Amino acid sequence: MDVHVTDVWCQSVPAGFSIQVQPSITVQEGLCVIIPCAFTADYKTTFTNSTGYWKSDFETNIASSNTSVPIVKENFHVTGNPDNGDCSLKVTDARKQDTGSYFFRFEGSKESNIKYNFLAHKVTLLVTDLTQKPEISNLGHLRVGEEVTLTCFPPGNCDGIHPTITWWKDNLAGIWGKSSTVTFTPLLSDHKTSITCEANYPAVRSSTQKTIVLDVQYPPSINIFIGPSGMIANHTMVLNEGDSVILNCSVISNPAAYVTWTKGENTVVSSVTGQGLELYLMDITSRDINTYSCSAWNQHGDTSDFVDILLQPKNEVPVTKLSFETSPTPAPEIATVSSPQCGPREIDFIILGAFIAGNILILSLIALALLCCVRRNMKKRQEGRT
């Protein structure tokens, strides 16, 4: 025999009536939550032309399965079908003022005359501050020049939430994008750039955001310097014997590159730094004359650069040898020099002058010697006459 209960408001649950629903639910402001609910009435779980209500008190309908029934909260929705014993409730755009306790009321068809308030099983809804952040699709490692798409997933516990999405990129002025996805091609300058996705919930004037830092990878590039910053022209350095120099191979890469210096075909120093590598050449000699190459590579590519080390020829000092012998005078030795202060014509005049001056000196000495001999002979003749 059917049990008919007419408009029961008491909190004791009569036989044949039950409900399964969580006693308390917490949702963040602006988000959505579904409260699962199932019930039996008069030992039944299926009905015809029934209506379900969620209420805050006896007079106030918060939500109803009958769309013609006036309700006070547009963001509360009965999603379950009471004819199937389903009393599930959905709350969208949760507001702080939605915090409170609610109960389910069931009304069967006019023929069944069953009406029941599940007062003993109220649901307490608590709306808290919005702290949940959006999620940004995991890109892993990006590579320069390869197009990628970012997707922003706003927080929310159920479908039907449509916040406005805004993208920001810290190396660009203004808004970067206004949809859930953005597509771009990473540049070298995008490495370590911050990208922010902001989800805005206008119904509650609340927003939340998530920021990620891009890891853009690229092959190495090389520059060779003298010391910390001096550039080398035409891949050539001309040094004097005994000089010392530091060759700095500056490398830019991500991830860190394997860097080596080679002398000719032989590796002289290597390192995995990603920033560069210095080569010290001390007390340069002819043995150091060679081509020095710096090479760098990672999984995205490789590159190299080189410098030729040359030795400056030694300058020879001009020398003229003079002879004071009475034997035929040999020609003086003339050394060819390259002077930084005199041209070839000036050098020729200097050598010619030295040659003439040397010969004049020799002739003067010979004349002096002859004069002495003549005087000595004249003196002997005078003494003989006496």
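Bear in mind the structure is a predicted one, so any value in this text is a computation, not a measurement.
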Original post:
Can S64 and N66 be said to form a side-chain hydrogen bond (donor to acceptor under 3.5 Å, both in side chains), step by step?
Top reply: CA-CA 5 Å; S64 173; N66 185 348; 5.6 Å; no
**OP:** Could you give me the CA-CA distance, side-chain angles and deciding distance for H235 and D305, then say whether side-chain hydrogen bond (donor to acceptor under 3.5 Å, both in side chains) is met?
**Re:** CA-CA 8 Å; H235 300 280; D305 201 359; 3.3 Å; yes
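A salt bridge between K192 and D215 is absent, with no side-chain N of the basic residue lying under 4.0 Å from a carboxylate O of the acidic one. Salt-bridge formation is detected for the pair E107/R105: a Lys NZ or Arg NE/NH1/NH2 atom is positioned less than 4.0 Å from an Asp or Glu carboxylate oxygen. For the pair R95 and E29, the salt-bridge criterion is not met [side-chain N within less than 4.0 Å of a carboxylate O].
The other residues sharing a hydrophobic cluster with W168 are I175, where clustering joins ILVMFWY side chains under 4.5 Å apart. Other residues sharing the hydrophobic cluster of Y53, ordered by chain and number and joined by side-chain separations under 4.5 Å: V69. Side-chain heavy-atom separations under 4.5 angstrom define the hydrophobic clusters, and the remaining members of the one that includes L310 are V238.
Just one residue in the list I222, N248, N223 forms a side-chain contact (heavy atoms from CB on, under 4.5 Å) with C294, and that residue is I222. Between Y116 and the options F17, F39, F104, a ring-ring contact (aromatic ring centres under 6.0 Å, His included) holds for only F17.
H191 places a side-chain N or O within donor-acceptor distance of the main-chain N or O of V216, the cut-off being under 3.5 Å. When atom types are taken as modelled, the side chain of N81 and the backbone of D83 share a donor-acceptor pair closer than 3.5 angstrom. Between the side chain of D170 and the main chain of S194, a donor-acceptor pair closer than 3.5 Å is present. Side-chain atoms of K55 come within 3.5 Å of backbone atoms of F58 as a donor-acceptor pair (strictly under, hydrogens ignored). The closest donor-acceptor contact from the side chain of N61 to the backbone of A63 lies at 3.5 Å or more, if one exists at all. Between the side chain of S50 and the backbone N or O of F47 there is no donor-acceptor pair closer than 3.5 Å. Side chain of T40 to backbone of S18: a donor-acceptor contact under 3.5 angstrom is found. When atom types are taken as modelled, the side chain of N298 and the backbone of Y218 share a donor-acceptor pair closer than 3.5 angstrom. In this structure, Q28 contributes its side chain and V127 its backbone to no donor-acceptor pair below 3.5 Å.
Counting only heavy atoms from C-beta outward, the side chains of I25 and L126 never approach each other to under 4.5 Å. Under the 4.5 Å side-chain criterion, counting only non-hydrogen atoms from C-beta, Y201 is in contact with L130. Within the 4.5 Å cutoff, the side chain of C152 has no heavy atoms near those of the T181 side chain.
Sorted by first and then second residue, the pairs that involve residues 286-296 and meet side-chain hydrogen bond (donor to acceptor under 3.5 Å, both in side chains), not counting sequence neighbours, are T291-D308. Residue pairs meeting the disulfide bond (SG atoms under 2.5 Å apart) criterion with at least one partner in residues 33-106, sequence neighbours excluded, are C37-C87.
Using a 4.5 Å cut-off between side-chain heavy atoms of Ile, Leu, Val, Met, Phe, Trp and Tyr, with links allowed through other members, I71 and I62 fall into different hydrophobic clusters. Linking ILVMFWY side-chain heavy atoms closer than 4.5 Å, directly or via other members, places V268 and I284 in a single hydrophobic cluster.
Residues that satisfy the side-chain hydrogen bond (donor to acceptor under 3.5 Å, both in side chains) test with T285, not counting sequence neighbours, are absent from this structure.
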